[in-house]
Amino acid sequence: MEKNIILKNLPAKRKKLYLRLLGYDTDNEGFIVDQKQKRVKCRYTNEYIPFKSASILPGTTVIIKTSTYTLSSYISEKLKNEELEDGC
Amino acid sequence: MVVDEILGLIISDPVKALLAIEGLKKAGKLTKELFKNYSSAFQERQKFKKFGCTPSDLLVKKLLKIDDTPSFICLKAMLVKHPTLKLARVGLYLEKLSIEGKTKELHETRNEVEYEIKDNHGDVGETFLNLASSGILSDLIKNLDNLQKNENLTKEEITRKYEYSVKKLDEITIWISNRDVKANIYLRIKNKLTQLRPDIFMCISAGNATKNAMLVIAKMTSRNTLRKHGYICFSPQISRNNPSKKQYLWTFYRFV
């Protein structure tokens, strides 16, 4: 089976490298920034995204802030009829 | 490891690929061009994947399980694509934590979502948090489901009642406490029947307060007071949403 990246299993340094490869970085306050060093906002809460709670949406390189509310919003929006694979 | 091998690993074993890229970086061999190639490969891979990456994969699964609960299935069937379904999912999740007695997790989750929900949904969001904290969200859904079945209401009609209940929760809820004597309970319910006359209202009691509430409502039903004022009330929903005591919820519906 094809392997997947599990963010919680990655040490911070490796997670940072992964996010950089996806076109992001973190600023000196620990928030996610884009390639222009502009802070990225979560599409569901409109808040800046702390590095620790960054999630990447399936099929995209979009980053959201992870919380019960944002994940519920995502499920409502997209996952209704889609399969959620193990180790997401 | 050669460069092409890493590109292959990005598809087959991305964690190993990350390790290899990290190794190149440490050895000072990660050129800008290589980084750009790997970056493109990772981004392409991500775009073709059904699954995302989250530090809380368990939470996603727990939330998806809420979609399989009778309350959520019922609500979804009643309302179809309603914008508050995502709030209901969070509410039912909080309620589940409360039933399971997971107090610490409950408080942490509530604190985490409180600001987000209030900020994005205002009063309606706050209502869902209150419904979940009081453990009456699933009871309210059950009652609305009963009403829809018993009165043969259309989806539009039941959706209006649901929206009304959510919007006016404070106005339509009578909390019965241990201090409420029968006469007081009677007057509070009578006030709703005759003065305020909402489409729907609820009476909630727990523990010792239930006996008085039960007696008053039974008396009002047997004396036909409710029907006389155009209201019906089905048997109460009894739940243990608060692990320490049973909670009773009566819902009164106006039919004229």
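Within every chain, numbering begins at 1; the chains are lettered A, B, ... in the order of the sequence lines, protein sequences first and strands thereafter.
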Checking heavy atoms, do the side chain of K65(A), its backbone, both or neither come under 4.5 Å from chain B?
-> side chain
S67(A) versus chain B, heavy atoms under 4.5 Å apart: side chain, backbone, both or neither?
-> both
Salt-bridge test for E151(B) and K161(B): reply yes if a basic N is under 4.0 Å from a carboxylate O, no otherwise.
-> no
Let me know if Y93(B) has heavy atoms under 4.5 Å from chain A in its side chain, its backbone, both or neither.
-> side chain
Y162(B) and H82(B): aromatic ring centres closer than 6.0 Å?
-> yes
Does the separation of the ring centres of Y69(A) and Y44(A) fall below 6.0 angstrom?
-> no
Counting only heavy atoms not in K62(B), do more than 12 fall under 6.0 Å of its NZ?
-> yes
Any side-chain donor near an acceptor of the partner, T68(A) and E112(B), under 3.5 Å = yes
Chain A shares the most heavy-atom pairs under 4.5 Å, among I117(B), V113(B), N120(B), with N120(B)
The interface call for K25(B) against chain A, heavy-atom contacts under 4.5 Å, is side chain
Checking heavy atoms, do the side chain of Q43(B), its backbone, both or neither come under 4.5 Å from chain A?
-> both
Should E22(B) and K13(A) count as an ion pair when the cut-off is N to O under 4.0 Å?
-> no
Count the heavy-atom pairs under 4.5 Å between each of L94(B), I66(B), L19(B), L58(B) and chain A, then report the option with the highest count.
-> L19(B)
What part of L10(A) gets closer than 4.5 Å to chain B, counting heavy atoms only: side chain, backbone, both or neither?
-> side chain
